[in-house]
Amino acid sequence: MKNFMDENFLLQTETAQKLYHEHAAKMPIIDYHCHLIPQMVAEDYQFKSLTEIWLGGDHYKWRAMRTNGVDERFCTGKDTTDWEKFEKWAETVPYTFRNPLYHWTHLELKTAFGTDKILNPQTAREIYDECNEKLKMPEYSARGMMRRYHVEVVCTTDDPIDSLEHHIKTRESGFEIKMLPTWRPDKAMAVEVPADFRIYVEKLAEASDVAISNFDDMVVALRKRHDFFAEQGCKLSDHGIEEFYAEDYREAEIKVIFNKVYGGAELTKEEILKFKSAMLVVFGEMDWEKGWTQQFHYGAIRNNNSKMFKLLGPDTGFDSIGEFTTAKAMAKFLDRLNSNGKLTKTILYNLNPCANEVIATMLGNFQDGTIAGKIQFGSGWWFLDQKDGMEKQMNALSVLGLLSRFVGMLTDSRSFLSYPRHEYFRRTLCNLVGRDVENGEIPVSEMERVNQMIEDISYYNAKNFFQF
């Protein structure tokens, strides 16, 4: 019987252990998609408690606590203390066996705070006090956490109207770790609620200093903001979409649709889809012009619990995997850009694992030999960023594409304690490849190539692909 989470955690063969300890573990982290709060980095925020850094905004934990019968006030309430919230999380942890939260929890305690203690109601107070003492130390600040995990680059997720003042302040402070913005223009496509769209366009006009009264004006304003993001080091865009949009449309139609929704009128479903289709192309062409990488996170059904959405707002743990028939639309969208010679580097992330093979086969349709791995299958995302999801994603990519060209893992997290997800991924990767070597499916004589492959997926592929 193996000890829990020892140095060879998840590494089931001697080859896997060598691949991880001698190659993957030493690689820096490029976290090219996350939701960290830039202000915390700019101000080198010092966290007040383990609850704040660990439970604040973590809807993964909230979902588990609710499922375990914990009252909402201990998840998101304002009338409970940090200790009371942490105590309820500690009570929940022993019920999370076989959920990735159990592994993440103890990896974070071990790598950030140096404790091998198992979190449960009996150890909760001791762990809480011990970690809170450490959080008072300068090396446990926001920047300190990034240094601790050997982070080289992080890319946050930012709206086109964002001033990026915190990115600028961080850069000018001389902080050695790069924090770069990522262009996330979802609200510029969100025409379902005319009043909200109008408010957003007015904010865009203010941010860009462009008077917007028609569709062409809006594109000019967005392009101006796109240029500004590029000046601040931005190299990626990201789109959080339910499904891909690739309706046929004429430019004249889109101008009429803009006028209609900007004027406050409800759009038909067909008009909404046409507008979104046009905007995806506009954004894709902008990204191609600058050599950026476009990312698409698709397949979530969000805010399913309307009662809790009204109470707490979005991103509070009431989203789930959706099922959409989106392959044809995805292919049509990519083909539309490709036919015009304007398909930039692209990463596709599916949330429903039933689409793994769909994505893995889609990549090969649009690889053009100009850039290795130009079209990427994004790592397991959200509900899939755990051992089973990672393995399924990498197996599909291996069978139907080139795992060797994969740009690897990201945290997709709001937490400064989420960097061990890179370690979790690297251990899973090394275990997969190491098993193949030991099974005689990869020749031992090619170990130099295997070693390089592990280092590439852990670090070098992302470094070369994004050119930060």
Side-chain angles (χ1 to χ4, degrees), residues 4-5 34-37 40 45-137 140 142 145 302-321 382-383 385-387 411-421 424:
F4 174 67
M5 206 169 277
C34 73
H35 296 274
L36 292 180
I37 299 171
M40 286 185 164
Y45 188 81
Q46 202 81 37
F47 296 92
K48 298 175 183 67
S49 73
L50 184 55
T51 301
E52 183 186 25
I53 192 172
W54 222 18
L55 292 173
D58 192 338
H59 50 78
Y60 289 80
K61 292 189 179 78
W62 297 343
R63 282 170 74 99
M65 290 165 75
R66 291 168 188 143
T67 304
N68 203 42
V70 173
D71 190 273
E72 187 62 35
R73 68 195 188 95
F74 295 104
C75 301
T76 59
K78 301 285 193 287
D79 63 338
T80 46
T81 65
D82 281 5
W83 161 246
E84 288 171 322
K85 288 187 170 110
F86 183 81
E87 187 177 30
K88 290 298 182 184
W89 169 238
E91 289 173 9
T92 300
V93 168
Y95 291 88
T96 63
F97 290 153
R98 302 203 81 241
N99 185 299
L101 283 167
Y102 196 81
H103 287 160
W104 292 345
T105 292
H106 292 97
L107 262 182
E108 289 165 14
L109 283 174
K110 185 173 187 174
T111 59
F113 299 102
T115 180
D116 287 317
K117 297 183 181 78
I118 302 300
L119 180 58
N120 57 44
Q122 290 71 46
T123 61
R125 189 79 230 188
E126 183 184 0
I127 289 172
Y128 186 73
D129 290 344
E130 181 184 323
C131 293
N132 281 349
E133 281 304 307
K134 289 185 175 177
L135 284 170
K136 295 175 184 176
M137 300 162 67
Y140 282 86
M145 285 294 183
R302 299 176 186 269
N303 309 317
N304 296 281
N305 188 326
S306 56
K307 175 184 173 184
M308 296 306 288
F309 177 65
K310 288 174 186 172
L311 194 67
L312 300 174
D315 303 320
T316 49
F318 301 97
D319 311 310
S320 59
I321 292 172
W382 200 342
F383 297 110
D385 63 353
Q386 29 67 19
K387 182 172 173 285
T411 62
D412 189 30
S413 174
R414 291 164 176 76
S415 173
F416 287 85
L417 281 179
S418 289
Y419 294 114
R421 292 186 191 179
Y424 197 73

Backbone N/O of Leu135 and side chain of Gln46: donor-acceptor pair under 3.5 Å: yes
side-chain hydrogen bond (donor to acceptor under 3.5 Å, both in side chains) involving Asn132 - partner list, sequence neighbours excluded: none
Audit row: Lys387, His103, side chain to side chain contact (heavy atoms under 4.5 Å, CB included) steps and yes/no: CA-CA 10 Å; Lys387 182 172 173 285; His103 287 160; 5.8 Å; no
Close side-chain approach of Pro314 to Arg302, heavy-atom, < 4.5 Å: no
Short side-chain to backbone donor-acceptor contact, Lys88 and Asp71, under 3.5 Å: no
Ile37 CD1: over 12 foreign heavy atoms closer than 6.0 Å: no
Minimum-distance pair of heavy atoms, taken over all atoms of Arg63 and Gly317: NH1-O, 3.0 Å
Pairs satisfying salt bridge (Lys or Arg N to Asp or Glu O under 4.0 Å), at least one member in residues 92-110, at least two apart: Lys110-Asp116
Contact summary for Ala90 and Pro121, nearest pair of heavy atoms: O-CD, 3.7 Å
Within-4.5 Å side-chain heavy-atom neighbours: Glu72 and Met308: yes
Close aromatic pair by centroid cut-off 6.0 Å: Phe416 and Tyr45: no
Thr80 side chain to Arg73 backbone, donor-acceptor under 3.5 Å: yes
Non-hydrogen atoms of Tyr102 and Val93 that approach each other most closely: CD1-O, 3.4 Å
Side chain to side chain, Thr316 and Cys75, heavy atoms closer than 4.5 Å: no
Phe47 vs Met40 side-chain heavy atoms within contact, under 4.5 Å: yes
Donor-acceptor under 3.5 Å (Glu126 side chain, Thr123 main chain): no
Parallel, tilted or perpendicular: rings of Phe86 and Trp54 (30°, 60°): parallel
Separation of Met5 CE from Leu107 CG (nearest 0.5 Å): 4.0 Å
Asp319 side-chain N/O to Asn303 backbone N/O, donor-acceptor pair under 3.5 Å: yes
Reported OG-to-CG distance for the pair Ser418 and Leu36, which is rounded to 0.5 angstrom: 8.0 Å
By ring pair (Phe, Tyr, Trp, His ring centres under 6.0 Å) - contacts of Tyr95 (at least two apart): none
From Asn99 atom CG to Thr92 atom OG1, the distance as rounded to the nearest 0.5 Å: 11.0 Å
Ser413 side chain near Tyr419 side chain, heavy-atom distance below 4.5 Å: no
Gap between atom CG of Leu50 and atom CD of Glu133 - 0.5 Å precision: 12.5 Å
Side-chain donor or acceptor of Arg414 paired with backbone N/O of Gly56 under 3.5 Å: no
Side chain to side chain contact (heavy atoms under 4.5 Å, CB included) between Ser49 and Trp83, intermediate numbers included: CA-CA 9 Å; Ser49 73; Trp83 161 246; over 6 Å; no
Side chain Trp62, main chain Gly57, donor-acceptor under 3.5 Å: no
Nearest-0.5 Å distance that lies between atom CG in Leu55 and atom OG1 in Thr76: 11.5 Å
Spatial distance of atom NE2 (His106) from atom CG (Leu119) [nearest 0.5 Å]: 5.5 Å
N/O donor-acceptor pair under 3.5 Å between Lys85 side chain and Gly77 backbone: yes
Aromatic plane relationship, Phe113 with Tyr140 - under 30° parallel, 30 to 60° tilted, over 60° perpendicular: parallel
Student check: side-chain heavy atoms of His59 and Phe318 closer than 4.5 Å: no
Pair Arg421 + Asp385: basic N to acidic O under 4.0 Å: yes
Close side-chain approach of Leu417 and Trp104, heavy atoms under 4.5 Å: no
Asp58 side chain reached by Ser415 side chain, heavy atoms, under 4.5 Å: no
